[in-house]
Amino acid sequence: MNTAALKTKLDTKAQAIAESVEEETAAALAPVDSNYLALSGNAIDIIRANLKSQPLTMQFFDVVKSPSGGSTVFSVPGLAGDEAEKELTGIILDYTTPRAYWDTPDPVEGTPPVCYSPDSLISADGKACAHCPYNTFGSKDGESNAKACKESVALFLLRPDNIMPIIVRVPVTSKLIFQRYMARLIGKMMPLSGVVTRITLEKATSKGGKPYALYHFEAVSALSPEEAAKAREYAGQFMDIMAAAELEPELSAAS
């Protein structure tokens, strides 16, 4: 058998497959014009006009929480009640990385935390989270590797038919998955708000045998240069409005 010829043939085939996958990926992320309502009109003016002097707090938003029991279906608030959706698709305008500590293992939903941080770096009272004993692995109960101070990611996800984003809460178990997705976009010089992101769930099991849902993120298309610029501008203006309100305690409320 001519092993050199076989190796060349296999290398050629592998290269052809890789090029085909790369072309399909490039085609899937080719810049396109979308039909996002928020990017086609005076959405920011409408928001400001309707708010008047009211702060834009978390109470204005629909929040999609992490499903329990390893469910792979999102429960999304809708006009007729909660709706089950297998995936969430939209433009991530921005995100925050709050963390919070409660002095009880099972706080009642909506209970404000004893301590919180809007960025997982510095607490609201000015202390470094890195030096906090509740930020150490195993500090939650001494029986697991969990931290007593709960980390998460809150995504501001803009969908096509609404000028107000929904808040998607990503638990700490999927925080690194989101960060890696963001890093891949950075590697391609693509802003987070310049792509349409699909979020799905996958059932997983912890070392203790408890089922939970892992989040997965996929860029399904890239916005055209014009729309990417509009999305960046909209995201900046929207988050400026958000910055005028003290959202940190609400972002960290027990859920």
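Numbers here simply count residues along the sequence, with the first being 1. These figures come from a predicted structure and were not determined experimentally. The figures here come from the full heavy-atom set of this structure, side chains too, leaving out hydrogens, waters and symmetry mates.
Aromatic ring orientation, Tyr134 versus Tyr101: parallel (interplanar angle below 30°, classes split at 30° and 60°).
Linking ILVMFWY side-chain heavy atoms closer than 4.5 Å, directly or via other members, places Tyr116 and Val114 in two distinct hydrophobic clusters. Hydrophobic cluster membership differs between Met182 and Val172, with clusters built from Ile, Leu, Val, Met, Phe, Trp and Tyr side chains linked at under 4.5 angstrom. The cluster map of Ile, Leu, Val, Met, Phe, Trp and Tyr, joined by side-chain heavy atoms under 4.5 Å apart, puts Val73 and Leu88 in different clusters. Both Val168 and Tyr95 belong to a single network of hydrophobic side chains, linked directly or stepwise wherever heavy atoms of I, L, V, M, F, W or Y lie under 4.5 Å apart.
Residues Leu223 and Ala231 come closest through the heavy atom pair CD1-CB, 3.8 Å. Taking both residues in full, the closest heavy atoms of Gln237 and Arg48 are given as O-NH2, 4.4 Å, listed atom of the first, atom of the second, then distance. Across all their heavy atoms, Val170 and Lys175 have their closest contact at CG1-N, 4.3 Å. Between Asn135 and Ala130, the shortest heavy-atom contact is ND2-CA, 3.8 Å. In plain terms, the two heavy atoms of Ala222 and Met190 that are nearest each other are CB-CE, 3.9 Å. In this structure, Ala235 and Leu93 approach most closely via the heavy-atom pair CB-O, 3.6 Å.
Although no hydrogens or angles enter the test, the distance criterion places a donor-acceptor pair under 3.5 Å between the side chain of Ser40 and the main chain of Leu37. Of the possible polar contacts, none joining the Ser174 side chain to the Ile177 backbone as a donor-acceptor pair under 3.5 Å is found. A distance-only check finds a donor-acceptor pair linking the side chain of Ser117 to the backbone of Ile122 [under 3.5 Å]. Formation of a donor-acceptor pair under 3.5 Å by the Ser75 side chain with backbone atoms of Asp82 is not found in this model. Distance alone, capped at 3.5 Å, is enough to place a donor-acceptor pair between the Thr136 side chain and the Pro133 backbone. A donor-acceptor pair under 3.5 Å is absent between the side-chain atoms of Thr200 and the main chain of Glu87, judged by distance alone.
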Quick one: do Ile91 and Leu39 satisfy side-chain contact (heavy atoms from CB on, under 4.5 Å)? Show the steps, please. CA-CA 11 Å; Ile91 300 170; Leu39 308 184; 4.1 Å; yes
side-chain contact (heavy atoms from CB on, under 4.5 Å) between Phe238 and Ile47, worked out: CA-CA 9 Å; Phe238 188 87; Ile47 292 173; 3.9 Å; yes
Can Met242 and Phe61 be said to form a side-chain contact (heavy atoms from CB on, under 4.5 Å), step by step? CA-CA 11 Å; Met242 295 289 293; Phe61 295 90; 3.5 Å; yes
Using side-chain contact (heavy atoms from CB on, under 4.5 Å), reason through Thr96 and Phe156 one step at a time and then give a plain yes or no. CA-CA 9 Å; Thr96 62; Phe156 292 83; 4.1 Å; yes
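With values rounded to the nearest 0.5 angstrom, Met164 atom CE is found 10.5 Å from Leu158 atom CG. Within the model, atoms CD1 of Ile186 and NZ of Lys188 stand 13.5 Å from one another, a figure rounded to the nearest 0.5 Å. To the nearest 0.5 angstrom, Ser66 atom OG is 10.5 Å from Arg169 atom CZ. Separating the OG1 atom in Thr205 from the OH atom in Tyr212 is a distance of 7.5 Å, to the nearest 0.5 Å. Here the straight-line distance linking atom OG of Ser193 with atom CG of Leu185 works out to 10.0 Å at 0.5 Å rounding. Distance check: Leu157 CG to Thr89 OG1 gives 8.0 Å after rounding to the nearest 0.5 Å.
Note: Tyr36 and Tyr234 fail the aromatic proximity criterion, with ring centroids not under 6.0 Å apart.
In this structure, the side chains of Leu155 and Ile199 come closer than 4.5 Å at one or more pairs of heavy atoms. Contact of the Lys127 side chain with the Cys132 side chain is not registered, since no non-hydrogen atoms from C-beta on lie closer than 4.5 Å.
The side-chain tip of Lys86 does not point at the ring of Phe74 from less than 6.0 angstrom away and within 45° of straight on.
Between the side chains of Tyr181 and Thr197, at least one donor-acceptor pair of N or O atoms lies under 3.5 Å.
Sparse packing is recorded around CZ of Arg180, with 12 or fewer heavy atoms of other residues, nucleotides or ligands lying under 6.0 Å away.
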